[in-house]
Number of protein chains: 2
Amino acid sequence: MAEQTETVRRTPLSRERVLSAAVVLADVSGVEPLSMRKLAQELGVVPMALYKHVANKEELLDGMVDVIVGEVDTGAGGEDWKSTVRHRVLAARRILLRHPWARRVIESRTNKSPVVLEYMDAMIGMFRAGGFSVDLTHHVMHALGSRMWGFTQEVFDDSATAPAEIPPAMLHAMAEKYPHVMAIAMRADHDDESVVGQGCDDQFEFEFALDLLLDGFERLHEQGWTSRRRPAQR
Amino acid sequence: MAEQTETVRRTPLSRERVLSAAVVLADVSGVEPLSMRKLAQELGVVPMALYKHVANKEELLDGMVDVIVGEVDTGAGGEDWKSTVRHRVLAARRILLRHPWARRVIESRTNKSPVVLEYMDAMIGMFRAGGFSVDLTHHVMHALGSRMWGFTQEVFDDSATAPAEIPPAMLHAMAEKYPHVMAIAMRADHDDESVVGQGCDDQFEFEFALDLLLDGFERLHEQGWTSRRRPAQR
DNA sequence: ACCTGAACACCGTTCAAGT
DNA sequence: ACCTGAACACCGTTCAAGT
């Protein structure tokens, strides 16, 4: 019996095994319910055994981010800086969409791991290779923000306001209180055949904003922008 | 003695008192350590007493966001849609900077409260009043994202990589591994007198990105953009 | 030296027992 | 009917006792 238990735990615990098990667990049921204790149980190990491979839960989360960032396809650039950046960001997005919890965790990390620094360094390098000044690149990276990881905080979630099971009386009341929100949720455009409550195409929204930013960056670069002048003042 | 205790609790508990106490507590020591139990203690009340005014901790957080959003100065618009939006966003930012925890909490909310819906409705209305189509406004709101609340996730935090107490040997090693990150952290521009590690001006970065977006929105609007065509394709 | 069970100091929330 | 103490089912992590 004790022997069989030994057999089950054949593969010894390692940082990698801990991290990938954590990623799988988060993929399956989210990060919030992910606990050191549950992770240990999943690995058939006593909770304290984890602390041999990660100092604490914070470091576990750091490691999980590294796993995800490591999955991003860094091959296949483009011809110019713009398509290179675009490709990398969309490659990151593909990974992030597979690990929805990663968005929140990446945002909560304060210490940048070597893996994360390397990713950012590469992205900065793309702008520099495109001839961007250190100055402009700096601001451009800030403007890009979390979009460089392929995600945005969807703070405008009209799918929640969308039709579904909402009773007509309530819809009517909402349309009176929040006419603009409802107009968008309903996509009721006068000069167009209205498609009611079709939800959002997140990928389209992401690329819309990404391209808007990249176009803006390009314009500033071409104008030889420096931080002496503000973008609003041309 | 029992009488005095009564006297101390003079003002009866109310939803408002619970929420504002929670906001104060979060301002002082952050949201993470904020617990129902500590909040109750702060109010001189048994933990369960809170549940008379908020259904659970989620609803407490919802309410806290409402308090913050309610603080945003909604007066004083501008002449055109652009300056109106700009003013509102920067007004929101002023409030958010006073409640640093609110950023994270706003992002974590999935249910939009009436207060939040009203804020978004007003913002959508600003674009609509500026002549924006429902279609364009929809995408523009997505592109604005959390920036409509006056904050961005500062995922590119070079203050962490900045000088401070980092030993020169380590700085040198980092400059070899992450040359681009360090170049930006050091602000070492060749064709300019280099100012070493001055940290970031968050307000400048915020306005830089905000204006970049607003300029982009304006351009699309003037071009009569519709979602049939993608922004990258002009 | 390594490993780990029990313990500590917390949580949010339920529930039954008190008034 | 209202209020609340105790309890439940969890946490992350420390630590001392076992091997």
Side-chain angles (χ1 to χ4, degrees), chain A residues 1-19 21-26 28-65 101 104-105 108-111, chain B residues 1-19 21-26 28-65 101 104-105 108-111:
Chain A
M1 191 59 184
E3 219 174 301
Q4 208 196 1
T5 313
E6 264 304 300
T7 315
V8 170
R9 299 188 194 163
R10 196 91 222 112
T11 37
L13 214 54
S14 69
R15 194 177 148 87
E16 272 173 37
R17 238 163 69 73
V18 168
L19 294 182
V23 166
V24 169
L25 215 57
V28 171
S29 31
V31 221
E32 300 87 17
L34 172 67
S35 70
M36 297 297 274
R37 288 163 123 107
K38 278 187 201 158
L39 177 57
Q41 194 180 20
E42 194 74 13
L43 287 160
V45 135
V46 92
M48 283 308 100
L50 299 177
Y51 288 80
K52 201 111 292 167
H53 302 96
V54 285
N56 47 41
K57 198 183 181 182
E58 286 290 289
E59 202 184 288
L60 175 76
L61 293 170
D62 284 339
M64 291 169 70
V65 169
W101 53 269
R104 182 165 305 285
V105 178
S108 68
R109 297 303 84 197
T110 48
N111 284 331
Chain B
M1 188 61 182
E3 221 174 299
Q4 207 195 0
T5 313
E6 263 305 298
T7 314
V8 170
R9 298 188 193 161
R10 195 91 222 111
T11 37
L13 214 53
S14 69
R15 196 182 148 86
E16 272 174 36
R17 238 163 69 73
V18 168
L19 294 183
V23 166
V24 170
L25 216 57
V28 172
S29 30
V31 222
E32 301 88 16
L34 172 66
S35 69
M36 297 297 274
R37 288 162 122 106
K38 279 187 201 158
L39 178 57
Q41 195 180 19
E42 195 72 14
L43 287 160
V45 136
V46 94
M48 282 309 98
L50 299 177
Y51 288 80
K52 200 112 292 167
H53 303 96
V54 285
N56 46 40
K57 198 181 181 183
E58 286 291 288
E59 201 183 290
L60 175 74
L61 293 170
D62 284 340
M64 290 169 71
V65 169
W101 52 269
R104 182 164 305 285
V105 178
S108 68
R109 298 303 85 197
T110 48
N111 284 331

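Source: prediction; values computed, not measured. Below, chain A is the first sequence line, B the second, and so on; all start at residue 1.
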**Q** How many Å lie between CG on B:L50 and P on D:dT4, as a whole number?
**A** 11 Å
**Q** What are the two closest heavy atoms between A:A40 and A:P47, and how far apart are they?
**A** CB-CA, 3.5 Å
**Q** Taking Watson-Crick (N1-N3 plus N6-O4 or O6-N4) and G-U wobble (N1-O2, O6-N3), each under 3.5 Å, can you produce the dot-bracket string of DNA chain D? Use [ ] for crossing pairs and | for inter-strand ones.
**A** ||.|||||...|||||.||
**Q** Quick one: pull up CE in B:M48 and CZ in B:R37 and give me the separation to the nearest 0.5 Å.
**A** 7.0 Å
**Q** Yes or no on side-chain contact (heavy atoms from CB on, under 4.5 Å) for B:V31 and B:R104, after CA distance, side-chain angles and deciding distance?
**A** CA-CA 9 Å; B:V31 222; B:R104 182 164 305 285; 5.6 Å; no
**Q** Can you tell me, in whole Å, how much space there is between the P of C:dA9 and that of D:dA9?
**A** 22 Å
**Q** Please report the distance, rounded to the nearest Å, between CG in B:L39 and P in C:dC10.
**A** 17 Å
**Q** Have a look at B:W101 and tell me which of B:L25, B:L61, B:V23 forms a side-chain contact (heavy atoms from CB on, under 4.5 Å) with it.
**A** B:V23
**Q** Pair B:L39, B:L60 - check side-chain contact (heavy atoms from CB on, under 4.5 Å), show working.
**A** CA-CA 11 Å; B:L39 178 57; B:L60 175 74; 3.8 Å; yes
**Q** Run the side-chain contact (heavy atoms from CB on, under 4.5 Å) check on A:V18 and A:V45 step by step: do they pass?
**A** CA-CA 10 Å; A:V18 168; A:V45 135; over 6 Å; no
**Q** If the sugar-phosphate is the primed atoms plus P, OP1 and OP2 and the base is the rest, what is the B/S/- string for nucleotides 12-19 of chain D, using protein heavy atoms under 4.0 Å?
**A** BBB-----
**Q** Can you tell me if B:H53 uses its side chain to pair, donor with acceptor, with the backbone of B:L13 under 3.5 Å?
**A** yes
**Q** Provide, to the nearest angstrom, the distance between the CD atom belonging to B:E32 and the C1' atom belonging to C:dC11.
**A** 15 Å
**Q** Could you give all pairs that pass the salt bridge (Lys or Arg N to Asp or Glu O under 4.0 Å) test and reach residues 47-62 of chain A, with sequence neighbours left out?
**A** A:R15-A:E59, A:E58-A:R109, A:D62-A:R109
**Q** Write down the distance separating the P atoms in D:dG18 and C:dC8, rounded off to the nearest Å.
**A** 16 Å
